[in-house]
Amino acid sequence: MLDLMSKYRSNIQQSFKIKKLEHQLVRAQNYAQWQHIASELDQCTDAMAWKHDLQSPYFNAEVILSRLNALKQHRTQHHISAVIHLLREGLSYDIANICHPMLFSVTRLGTKQVIEEYVAEVSECLRYIHLLPDSEMSFIKKQQFFETCQTAYGQPALMFSGGATLGLFHSGVCKALKEQDLLPNVLSGSSAGAVMAALLGTIDANNLDLLTQSENLFSDVFQFKSFRMLLKEPTGFTSNEALKKFLIAHLGDLTFSEAYEKSGLHLNIAVAPYDATQKPQLLNQYTSPDVLIWSAVLASCAVPILFAPIKLLAKRYDGQHVAFLGDTQWVDGSVRSDFPQEKMARLYNMNYSIASQANPHVVPFMQTDVERYRQDLLSWPERIVRQQGKLLAKGVMDFTRERVAAVPQMRRLLDHGYGIVDQHYYGDINIIGQYSLRHYRYLLQNPSAEIFKELQKEGERATWPKLSMIEMYARVGKTIEHIMDDLKRQQYMS
C-alpha cells in the first residue's frame with residue numbers, strides 16, 4: 001500500500017514538473033534557453049527510451065546500423081578506398097528514410113540515437129578524407145571527390161510565403177536560422193516573402209544582422225490609402241509608392257545577376273502575369289539576369305484588388321531601364337506560385353526545402369507533420385474531407401469560370417482563386433505561424449516597431465522546434481561546404 005502511494009505521489013510530481021517545463025518552453029526568450037528546457041522535457045518523458053530504441057516503421061535501422069559500423073571500422077583501420085566507396089554509395093540526406101518527419105515528432109531535440117551517430121560518422125569520414133596527407137591523396141583528387149560529393153548531395157532552399165504585414169514573421173525565421181549557421185544559399189519569396197528574400201539576397205553577408213535587428217526597417221513598406229485617395233485612385237486599396245520608395249532605397253538598381261555577385265545567394269522572386277491564362281514565372285539570375293530586383297518585388301507584392309498590376313523593368317547593356325517582356329503586367333506570385341519548388345529543384349540541384357508559411361488564408365488549414373503522416377483509421381475521415389473539399393472547390397470555380405467568360409474581371413478573379421486553391425503549400429520542413437484574431441487585425445495596419453518585434457519573436461519561436469531537424473538534414477551538406485571553402489582557400493594561397 002505504501003509503495004502504491006509513493007508511486008502515485010511520484011507520478012503527480014512528475015506530471016507537475018512536465019507541465020511546468022512545457023509552460024517555460026512556450027515562454028523561452030532565446031534558443032539556448034529553449035534548448036535547455038526541451039532537453040529537460042525529453043529526459044522527463046518516454047522520449048529518451050524511444051530515442052535509443054532501434055525499432056521504427058519510418059526508417060530502415062538495419063541499413064543505417066550496418067553502414068555506421070562499416071564506416072567506423074574502415075576509418076579507424078585507415079582503409080581509405082573502402083571509406084570513399086561507402087561514402088559515394090550512400091551520399092544522400094535521406095538515405096534509408098532517416099529524415100522522415102515522424103522521426104522528429106517524439107523528442108523535442110534530435111531523433112533516433114543511431115541516426116544521429118550515423119550522420120556524425122559520415123561528417124567525420126568526410127573530414128578524414130579532407131585531412132589526408134598529399135602522399136595518400138593528392139589535392140586534385142580531393143577537389144574532384146568533394147565536387148562530386150557536393151553535386152550528389154545537393155543543397156537546401158528556403159521559401160518565404162506571402163502574408164502582407166504578417167510576413168514580418170519571416171524575419172524571425174531568418175534570425176533563428178542565421179544564428180545557428182543554417183541559412184540556405186537558395187532563397188525564394190513571393191509577395192511579402194519577396195521583400196524578405198530580396199533584402200537577404202542583396203545584402204553583404206557581414207551586414208545580415210542589420211536586417212533582422214532593425215525594428216523600423218519595415219515601418220514604411222505598406223501604407224493603406226485614405227478614403228479620399230481611394231476615390232481618386234481606385235486601382236487598389238494600398239499605395240505602391242511607399243513600397244516602391246522603400247525597395248529602391250534598400251535594393252538600389254541591382255539586377256538579379258549583380259545581386260548574386262554581391263551576396264553569393266541565389267535569389268528567386270515569384271511573379272504571375274495579370275492575364276491568368278499565362279503561366280507564372282520565377283525570376284532569378286538564370287531566367288531574368290537583367291531584371292531590376294526592386295521591380296520584381298513590387299510586382300510580386302501586387303496582390304490583385306489590393307495593389308494595381310506592375311510592369312517589370314530590366315537594366316539594358318547601356319544602363320538604361322527598359323520594360324521586361326514588353327507590356328506584360330504582373331501581380332502577386334503567391335496567387336499562383338507561392339512555393340516554386342519544382343523550378344528551383346531543376347535550377348539549383350535542390351535536395352530539400354524549408355517553407356516559412358505566413359499567408360493568412362493558408363495558415364488556418366495547415367497541418368502538423370503528425371497530422372499529415374499519421375496512418376491510423378481515425379485519420380481517414382479528415383483526409384477524405386480535405387481531398388474532396390479541395391476537388392469540390394476547384395470544380396465549382398472551373399464551372400463558374402466558363403460561365404462568366406464574358407466578364408473579364410470576374411473571370412480573372414476566379415482564375416486567381418483557382419490558382420490559390422490548386423497550390424501545394426508545404427515544403428519538406430515547415431515553419432508555420434500560429435494566428436489568433438489579433439493577427440488578422442494586423443493585415444489592416446501599417447507595420448510598426450511593436451508589430452515587428454512581436455511577429456519576429458513568433459517567427460523565432462516557431463523555428464526553434466525545427467532547428468534540430470534542420471541541423472540533421474544539413475550537417476553533411478555543411479561539412480562538404482566548409483571543406484570546399486577550405487580547399488578553395490588552399491588553392492588561392494598556393
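Sequential numbering from 1 along the given sequence is applied to the chain's residues.
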Between D318 and Q320 (side chain of the first, backbone of the second, donor and acceptor by atom type, cut-off under 3.5 Å), is there such a pair? yes

All side chain to side chain contact (heavy atoms under 4.5 Å, CB included) counterparts of T368, not counting sequence neighbours: V370, E371

Pairing donors with acceptors under 3.5 angstrom, does anything connect the side chains of Q143 and Q491? yes

Going by distance alone, is a donor N or O of one side chain under 3.5 Å from an acceptor N or O of the other, for Y31 and E460? no

Tell me whether S288 contacts the main-chain N or O of V291 through its side chain, where contact means a donor paired with an acceptor under 3.5 Å. no

By side-chain hydrogen bond (donor to acceptor under 3.5 Å, both in side chains), which residues pair with H100, not counting sequence neighbours? none

Suppose we screen for side-chain hydrogen bond (donor to acceptor under 3.5 Å, both in side chains). Which residues come up paired with E116, at least two apart in sequence or across chains? K51

So, E458 and R461, do they make that salt bridge, N to O below 4.0 Å? no

Any salt bridge linking E179 with K175? Criterion: basic side-chain nitrogen under 4.0 Å from a carboxylate oxygen. yes

Will you find, in the side chains of H266 and Q155, an N or O donor that is under 3.5 Å from an N or O acceptor? no

Look at D290 together with R316 and state whether they make a salt bridge at an N to O cut-off of under 4.0 Å. no

With sequence neighbours left out, what residues match T287 under side-chain hydrogen bond (donor to acceptor under 3.5 Å, both in side chains)? N284

Look at the side chain of D94 and the backbone N and O of C99, then say whether any donor-acceptor pair between them is shorter than 3.5 Å. yes

Keeping K142 on the side-chain end and H130 on the backbone end, is there a donor-acceptor pair under 3.5 Å? yes

Residues that T479 engages under side-chain hydrogen bond (donor to acceptor under 3.5 Å, both in side chains), provided they are two or more places apart: S123

Below 4.0 angstrom, N of the basic side chain to O of the carboxylate: do D485 and K478 qualify? no

Enumerate the ring pair (Phe, Tyr, Trp, His ring centres under 6.0 Å) contacts for residues 469-494, please, sequence neighbours excluded, ordered by first and then second residue. Y93-Y473, Y352-Y473

Verify whether one side chain among Q285 and S257 offers a donor that lies under 3.5 Å from an acceptor in the other. no

Are Y286 and Y348 close enough that their ring centres sit under 6.0 Å apart? yes

